[in-house]
There are 2 protein chains.
Amino acid sequence: MPTIKDVALKAGVSATTVSRVLNNRGYLSEELKQKVQQAMDELNYRPNELARSLSRSKSNIIGLIIPHVSLPFFGELTSHIEEHAYREGYKLLLCNSWQDKQKEQEYINMLRSSRVDGIIMGSHTLEVEDYRQMNLPLVTFDRQISPDIPYVCSDNYNGGKLATILLIQKGCRRLAHIGGHPKLNILSHLRCVAFEETARLHSVRYVSLHTDNNSFDFEAYEQLLDQLFREHPEVDGIFAGSDIIAACALKACQIRGRRVPEDVRIIGYDGIALRSLLYPAISSIRQPMEAMGKLAVDLILRQVQGEPVESAYILPVELEEGATT
Amino acid sequence: MPTIKDVALKAGVSATTVSRVLNNRGYLSEELKQKVQQAMDELNYRPNELARSLSRSKSNIIGLIIPHVSLPFFGELTSHIEEHAYREGYKLLLCNSWQDKQKEQEYINMLRSSRVDGIIMGSHTLEVEDYRQMNLPLVTFDRQISPDIPYVCSDNYNGGKLATILLIQKGCRRLAHIGGHPKLNILSHLRCVAFEETARLHSVRYVSLHTDNNSFDFEAYEQLLDQLFREHPEVDGIFAGSDIIAACALKACQIRGRRVPEDVRIIGYDGIALRSLLYPAISSIRQPMEAMGKLAVDLILRQVQGEPVESAYILPVELEEGATT
DNA sequence: TTGTAGGCGTTATCAA
DNA sequence: TTGATAACGCCTACAA
């Protein structure tokens with residue numbers, strides 16, 4: 001691979017000059033620019049980003065740690081993050097934590113070694129102190145770690161409220177919420193809190209079930225639904241903590257011959273694109289994934305540039321009614 | 001951030017020695033190792049991978065270019081690739097090409113600048129020459145570029161055959177195949193070829209429909225299905241080019257009141273995990289995604305190490321019957 | 001067994 | 001307006 005020196009030699013100038021036209025810095029005669037540019041083209045020269053990064057002590061890489069890209073919500077979020085990062089001249093290093101404490105820690109170490117300019121965390125299994133100590137631009141999703149680490153989330157409370165109100169308005173009298181483990185994700189647990197408060201406010205009976213781990217495991221959801229229909233066969237409205245759970249609920253109803261929405265109404269959360277492939281299409285509370293992804297990237301960049309950031313970014317959700325309510 | 005020199009100073013040794021314990025090279029007394037290790041721990045030292053990469057001219061980064069991570073098949077594949085890359089000490093730079101020629105080219109340039117050790121291509125919109133010229137360890141999925149660039153794919157032909165035979169065995173007499181654009185992906189088009197040949201062999205009438213772009217667009221699929229049911233209402237067996245298309249087909253049947261599998265039988269391709277969320281669960285030809293991901297990583301590593309590689313790796317598929325056949 | 005010196009490819013700081 | 005020189009942080013001869 002040709003280096004800056006090769007280009008310099010070919011163009012009959014110094015490496016410094018080549019660097020200057022590369023970065024468009026300082027005063028350069030048009031003639032020189034042309035000459036250098038031509039040499040670069042002829043050699044098919046590509047600046048070595050490793051060397052640049054080392055020299056500038058800035059890698060233009062953002063690390064992304066999420067539970068699993070193949071989960072639709074995280075897949076979509078990742079796409080948006082990648083898209084915006086790329087537009088801003090940043091690259092994305094992808095890490096699937098599998099919600100595993102040790103893996104997450106190893107990835108953080110790895111990303112620090114790689115001198116990423118910041119880390120976007122969609123997975124958080126470690127202690128608050130572990131994150132605070134790492135002294136790197138950080139952004140989290142759905143998790144408040146400390147006032148100086150900004151987090152991005154959808155308006156979980158309002159989303160839970162909207163969903164619950166919709167079910168009640170449609171005439172449901174026995175509600176159920178099925179969600180992930182509450183302890184591990186306090187902010188998205190607000191969906192559940194809103195559900196319970198709204199149900200109580202309207203004097204509607206309800207039950208809340210949660211997985212006991214944070215594994216996003218389809219089978220765990222199916223077991224919960226099994227339990228739900230066994231112990232509470234009278235349930236006629238389900239607010240699922242995610243569209244995936246909602247899909248499980250829909251399937252559980254179909255298996256048991258419960259008509260949706262006639263016998264049981266279902267609404268999910270997230271608004272993933274794949275939702276439209278189901279029949280009937282699932283109603284959902286849509287998170288503004290694109291805006292969230294863009295914001296997360298911007299928050300890293302602002303921190304990199306030493307600009308101040310708020311500690312919380314709560315984005316509005318939108319009720320998207322499908323055919324399950 | 002502390003450097004190797006800081007560690008050396010603190011441990012009272014030279015930087016070389018620190019480098020040695022870091023890389024566990026050469027002869028070192030236990031005592032020294034301990035001392036250096038302690039200094040590293042106390043300083044919370046992390047070796048700068050940028051500097052290491054520059055010095056060794058090896059970045060331990062693999063670039064992955066795919067159409068879109070949020071497509072379930074690519075999401076799962078990406079997860080496996082990331083997993084195996086990480087195990088081998090490699091990091092993954094993620095690029096979504098959106099099947100866009102220009103974006104793909106820009107990403108390739110970017111990855112070359114980043115001095116990635118190799119590129120795994122799940123997206124290929126450029127000309128064969130463009131790939132051949134880049135002179136970097138490369139692996140492609142479902143695309144044969146040249147004898148010296150290995151490709152990984154599932155046994156597309158056999159998969160198409162298995163699917164078609166199953167439909168015929170179940171009694172289907174009017175078959176349809178719905179797939180992506182045939183020109184852009186010659187290898188996965190073999191699924192279609194096998195479908196047609198098998199149908200002819202069994203004297204079963206069939207029709208093949210394809211999207212006219214390579215966009216993985218849900219709506220395009222829906223339009224095709226619309227066309228299918230309009231022009232060929234007698235179809236009683238559908239072989240879909242992917243599980244996503246199969247899901248669309250299932251939905252199309254449900255919307256039109258066609259019972260599945262009684263009136264129409266459906267089988268997809270890929271074997272994505274989300275398949276199990278549908279009801280009825282979709283039958284599919286399962287690609288060994290984990291093995292394919294691992295293999296792709298291994299093929300990059302072998303090329304990096306100068307080991308020879310074959311030009312084609314065709315992995316066996318498996319028929320996974322759900323409830324739609 | 002440990003240390004010194006030079007180089008990896010760029011960029012930044014001075015001079016000229 | 002351009003060029004020489006010293007970093008950036010690490011690794012690898014070569015010495016000692």
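All values below were derived from every heavy atom in this structure, side-chain atoms included, with hydrogens, water molecules and symmetry-related copies excluded. Sequence lines set the chain letters: A, B, ... in the order given, protein chains first and strands last, and positions in each chain run from 1.
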> Listed by chain and number, what are the side chain to side chain donor-acceptor pair (under 3.5 Å) partners of A:Thr78, not counting sequence neighbours?
Replying inline: none

> What's the shortest heavy-atom distance between B:Ala296 and B:Val139, and which atoms?
Replying inline: O-CG2, 3.7 Å

Rounded distance (Å) that lies between atom [atom2] of [N] and atom [atom1] of [X]:
X: A:Glu30; N: D:dT2; atom1: CD; atom2: P; value: 11 Å
X: B:Arg115; N: C:dC8; atom1: CZ; atom2: P; value: 13 Å
X: B:Arg56; N: D:dC11; atom1: CZ; atom2: C1'; value: 8 Å
X: A:Tyr27; N: D:dG3; atom1: OH; atom2: P; value: 17 Å
X: A:Leu54; N: C:dT10; atom1: CG; atom2: P; value: 12 Å
X: B:Lys5; N: C:dG3; atom1: NZ; atom2: C1'; value: 14 Å
X: A:Leu9; N: D:dT2; atom1: CG; atom2: C1'; value: 17 Å
X: B:Arg52; N: D:dC8; atom1: CZ; atom2: P; value: 19 Å

> Applying salt bridge (Lys or Arg N to Asp or Glu O under 4.0 Å), which residue pairs with at least one partner in residues 43-60 of chain A are found, sequence neighbours left out?
Replying inline: A:Glu49-A:Arg52, A:Lys58-A:Asp117

> Do we see a donor-acceptor contact under 3.5 Å between the side chains of A:Ser154 and A:Gln287?
Replying inline: yes

> Are side-chain N/O atoms of B:Ser59 and B:Ser53 paired as donor and acceptor at under 3.5 Å?
Replying inline: no

> What parts of residues 10-24 of chain B reach DNA chain C, counting only heavy atoms under 4.0 Å away?
Replying inline: B:Val13, B:Ser14, B:Thr16, B:Thr17, B:Arg20

> Counting only non-hydrogen atoms, which of residues 31-50 of chain B are less than 4.0 Å from DNA chain C?
Replying inline: B:Leu32

>> Tell me which pairs pass ring pair (Phe, Tyr, Trp, His ring centres under 6.0 Å) where either residue lies in residues 36-93 of chain A, with sequence neighbours left out.
In response: A:His68-A:Trp98, A:Tyr86-B:Tyr107

> So what does A:Ser29 touch, heavy atoms closer than 4.0 Å: a base, only the sugar-phosphate, or nothing?
Replying inline: sugar-phosphate

> Should B:Arg25 be listed as having a side-chain N or O under 4.0 Å from OP1 or OP2 of D:dT12?
Replying inline: yes

>> Is it the case that atom CD in A:Glu127 sees more than 12 heavy atoms from other parts of the structure closer than 6.0 Å?
In response: no

> Side chain of A:Asn48, backbone of A:Leu50: donor and acceptor closer than 3.5 Å?
Replying inline: yes

>> So if I take every side-chain heavy atom of B:Leu28 and compare against D:dT1, D:dC10, C:dT2, which nucleotide ends up nearest?
In response: C:dT2

Atom pairs and distances, side-chain donor-acceptor, residues 298-307 of chain A, under 3.5 Å, sequence neighbours left out:
residue, atom, partner, partner atom, Å
A:Asp298, OD2, A:Lys294, NZ, 3.1
A:Gln303, NE2, A:Leu138, O, 2.9
A:Gln303, NE2, A:Leu299, O, 3.3

